[in-house]
Structures are given as structure tokens and as C-alpha cells.
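Okay, so here's the structure we're looking at.
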There are 2 protein chains.
Amino acid sequence: MSRRSGILEFAVLGLLRESPMHGYELRKRLNTSLGVFRAFSYGTLYPCLKALVANGWLTEETGSEPETAPASLTGRRAKIVYRLTPEGKSHFEELLAHSGPDAWEDEHFGVRFAFFGQTSRDVRMRVLEGRRSRLEERLEKMRTSLARSRERLDDYTLELQRHGMESVEREVRWLNELIESERAGRDQRAVDPAERNQKDTSGDTGGLPRRRGGSRPDSSDDTTT
Amino acid sequence: MSRRSGILEFAVLGLLRESPMHGYELRKRLNTSLGVFRAFSYGTLYPCLKALVANGWLTEETGSEPETAPASLTGRRAKIVYRLTPEGKSHFEELLAHSGPDAWEDEHFGVRFAFFGQTSRDVRMRVLEGRRSRLEERLEKMRTSLARSRERLDDYTLELQRHGMESVEREVRWLNELIESERAGRDQRAVDPAERNQKDTSGDTGGLPRRRGGSRPDSSDDTTT
DNA sequence: TTCGTCATGTAATGGGTTACATGATTAC
DNA sequence: GTAATCATGTAACCCATTACATGACGAA
């Protein structure tokens, strides 16, 4: 059961592959590490976790001593730590390899990209190129529709259109760079992130431009939610 | 009745203010002129139109001769042309002036911007500045969360983050330009778009950079590498 | 002791899509 | 004459949010 919407499921499995976590933390990770794009609420996340457990892809581990507490007195609402099962792991790997045409859509693409470190180069290439051609289609549509109605539109609408197109063009250029450096880099197979910390960080992860430094990270303050 | 989701309602009223239209055409306009962002389906649009009629903001006009056709024989499924009523018009103007804090959110902002030609400069300023500060907040959050987890993340996630931030920074710069030129331009009151075609097109619409030139990537700035 | 954050959950609701059903008009 | 596109609509479903309910833990 549960055609539980791919994207969240995918992201959860991917994050849990790195290390076990409880729901609350998971959600924060979704909204930061990946979450430039999407902010999921508890009302979405918790039911999804239950479903994944029901599918055998996760196990729940309550942090409290095993059944010592009567659960009725001072019930000690335990942290529930979710851990990926082997089935879950292989299911995630299937999803990773799949790369169907949904994978080039806006939100999907972002999440896919976030887990690129765990994919093989040919999958990365397929996703990047798929995304690029999707954007090029979109660009084409924008261009023609703009050409058809240029006279009819006021300056603001025109400026909006122009800015929109420019953004898409930028993303295409970005993809070009990425594709280029994937092509140049040596093939790098999927890496199990659970073992990543032990290994050296110096290794090439596949051929990223390694530009680093776009905007200053100032290490000072913390966020108020 | 009908807390019919603001954004579509707003866009429909705005488009119909320019000229009466039937649903099908309306939808196309939504997905081109405004629709760089959102693609609404008929399943959304038609019920919405009905609701707007029920509210007295639109009238339906079936194109066929007034009741001459029996409607049973060759029923001639007529085009239904929707026209803004005076009540609808004033309701739209209320919405335009309102500019609550929803107006700076991603999709909302785009639609608001598309109708800037029909607003006064101070409303435009409020929306632009609201949008900008919303983006700056977001940027701040991204920066700190990135700073907190930079070491933990692999190169792809990092690159994704970087690209995301760069996009937001770009939009902020765009807004800065717009705000600047609004400030410089003379005040321009709302223009009834129904009368726009008769008037001269040469007039300043409020102070846009008037850059025009489709999708030229401007040669000046590039990444702040 | 109260406030903020951590932590888990559910029921009601909302906003939208998909798939379907129907038929007219135009272009080839 | 048939395919594509124009044109209008509905019902079933889906995904996710909101608001609510509960409660522990740490710091002021």
C-alpha cells in the first residue's frame, strides 16, 4: 500500500542511510541540508515514517530501557530512533538507479542532486542531462510565447519574463559546467556514506569544480528557529 | 463562503480586468504571461470561475444568440465569456492594495509583480522591499546552517547549497535594481489596462530599467568567486 | 516556575491534479 | 474523414498543511 509520495520517502531513506535519527532531527535536516527547496511539516513526516516502517524499510528503536517503564506512569515519551533496514537500503539503491523522467522536475532534481555522492557517474550524467533538456524545453516555450505577445505586455510583465528566462539560462549554464566536470572526472562509484567519515576526505568525489566560497559563512550566531 | 485560494482568484481577476475571456484562453494566459511559475489545470480553474461568479465578481456570457437556440438540439456548447463586474473590479483593487506578508512568498510575488502596472508606486515599493527582506532572511538562514554543517557535507550537497544561495543572492540584486529605479522614477498611479491600448505606449510606466533585449546575459558581472 | 525547545502524534481541511466524459471547430 | 486543438466540466484522489493535543527537559 501507500503510494507514499516519492520525494519525501526518497529523502528520508537517503538521510537515514548516513546515520539513524529520530523524526525531529530528520525534519531539521530536510529543511537545511536538502531543504533549500521544501519544508515538510510533522503532519507529513511522521505518517510517512510509520509507512516506511510498515514496509519493512525502517525499524523503530525506542531509546528507553526495553519495556522497563510501564508506559502509563510518567510514560517517558521516548525518542524513536529510525534505522534503515537492509531492505530499505536496497530499496533506496533501486530508487537511486531508477532516474525516471520525474527526476528532472524542479524539486525532485534538487533531492536527487543532494544524493549524487551515492550514485555512479552514469546515473549522475543521465539526471544532469535530463534536467538540462527539460530546462531547455521550458526555455524554448518561454521564448516563443514571449515572441508572440511581446507587444501586448506591459513593462513589468516583460521584465518578469526576462528575469525568469535569465534564471533558467543561468541554471542551464550551471548544468553545463557540472556535466563538463563529470565528463572530465574519473568514474567514481557509489560510496556508502556510513563509512565515509573513516575514509580520507581528500579523495575526488567525482569531479566537481571545487569552487567553494560563493558567500561568506560567518561562524558567529545561531538561529532562532 | 469559499476561501478560494487567493493566488488563482487574484490572477484571474487581474487578467479579466484587461479584457473579458473564456476559461480556456484564461488558462493559457495563466501559464504563459504569468505562468513562468505555476500551471493550473482545468480542474482547478473552472470551479474557481464558478465561485467567482457566485460571489458576484464575474458574469458569464454565453456566446450564442440570447436563448434562440433550444440548447437541447445540437446543444452548441457555447463558449462562456467571463467579464469582470464593477464589484469584481473593486475587489481586485482591494487585493492589489492589501499587500500582506503572504505577498512576498515565492509564487505570490510573481503574480503580484505581473500586475504592478496597475498599482501605485508605494504599493510596489512595499511588495519589493517585503520580498527582499524575506529573501535576506532566507539567505541568513542558509548561511548559518551551511556554516554549522560545512564539514559534514559532501561536495555535491555543498555545491547544491552554494548554487541555491547564489540564486537567491541574484534575486536580491535584481530587487535592488528594481527598488532603485522605482525610487528614481516619477510616481505613476494605477492605470486601467482596459484603456491602455488607446493611450500612448511611450509613457514611462514607473521607472523600469528598460533593459529589453530578451535574454542577453549581461556581460558585466559574474560569480563573486 | 515558567518559558523555550525538544519530541511525537492526529483529525480536519485545503488546494490541487488526474482521469474521465463530452462535444465543437479547424486544418489537412 | 480524421486528427488536433479548442472548449467545458466532474469526481476521485493525493499530498501536504494547520491546528491541535500531549509531554519531557533545560535554562532563566
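Chain letters run A, B, ... following the sequence lines, proteins first, then strands; residues in each count from 1. No experiment lies behind these values; they were computed from the predicted model shown.
Of the candidates D/dA16, D/dT10, D/dT8, the closest approach to any side-chain atom of B/Pro47 belongs to D/dT10. The nucleotide whose nearest atom lies closest to any side-chain atom of A/Phe40 is, among D/dT17, C/dG16, C/dT8, D/dT17. Taking every side-chain heavy atom of B/Ile80 into account, D/dG9 is the closest of D/dT5, D/dG9, C/dA7.
D/dC15 atom P lies 12 Å from atom CD1 of A/Ile7, rounded to whole Å. Remark: C1' of C/dG15 and CD of B/Glu107 are 12 Å apart, rounded to the nearest angstrom. The interatomic distance linking A/Met21 (CE) with C/dT8 (P) rounds to 12 Å, in whole Å. In this structure, B/Asn31 places its CG atom 13 Å from P of D/dC6, rounding to the nearest Å. Between the NE2 atom of B/His108 and the C1' atom of C/dG15 there is a distance of 12 Å, rounded to whole Å. As rounded to whole Å, 12 Å separates atom P of C/dT8 from atom CZ of A/Arg27. Look at CG on B/Leu30: it is 16 Å from C1' on C/dT17, rounded to the nearest Å. Rounded to whole Å, atom P of C/dG9 lies 7 Å from atom CD of A/Glu60.
In terms of phosphate contacts, A/Tyr46 brings no side-chain nitrogen or oxygen within less than 4.0 Å of OP1 or OP2 of C/dG9. Listed pair B/Tyr42 / D/dT8 fails the phosphate criterion, with no side-chain N or O lying under 4.0 Å from OP1 or OP2. An OP1 or OP2 oxygen of D/dT17 is reached within less than 4.0 angstrom by a side-chain nitrogen or oxygen of A/Thr44. Note on B/Ser41: every side-chain N or O is 4.0 Å or more away from OP1 and OP2 of C/dG16. Here A/Lys50 reaches the OP1 or OP2 of C/dG9: one of its side-chain N or O atoms lies under 4.0 Å away.
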- Message: Evaluate B/Phe115 against B/Phe10 for ring-ring contact (aromatic ring centres under 6.0 Å, His included), listing each step before the verdict.
- Response: CA-CA 10 Å; B/Phe115 293 116; B/Phe10 183 78; 5.7 Å; yes
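Put simply, the residue from A/Glu137, A/Glu169, A/Glu136 that forms a salt bridge (Lys or Arg N to Asp or Glu O under 4.0 Å) with A/Arg143 is A/Glu169.
Ring geometry for A/Phe109 against A/Phe113 counts as tilted: the plane angle lies between 30° and 60°, on a 0 to 90° scale.
The shortest distance between side-chain heavy atoms of A/Thr62 and A/Lys79 does not fall below 4.5 Å.
With A/Tyr42 as the aromatic partner, A/Arg27 meets the cation-pi criteria of under 6.0 angstrom to the ring centre and within 45 degrees of the ring axis.
Taking for each of A/Leu45 and B/Tyr82 the nucleotide of DNA chain D with the nearest heavy atom, the 5'-most of the two is the partner of B/Tyr82.
A/Gly23 comes within 4.0 angstrom of the backbone, heavy atoms only, and of no base.
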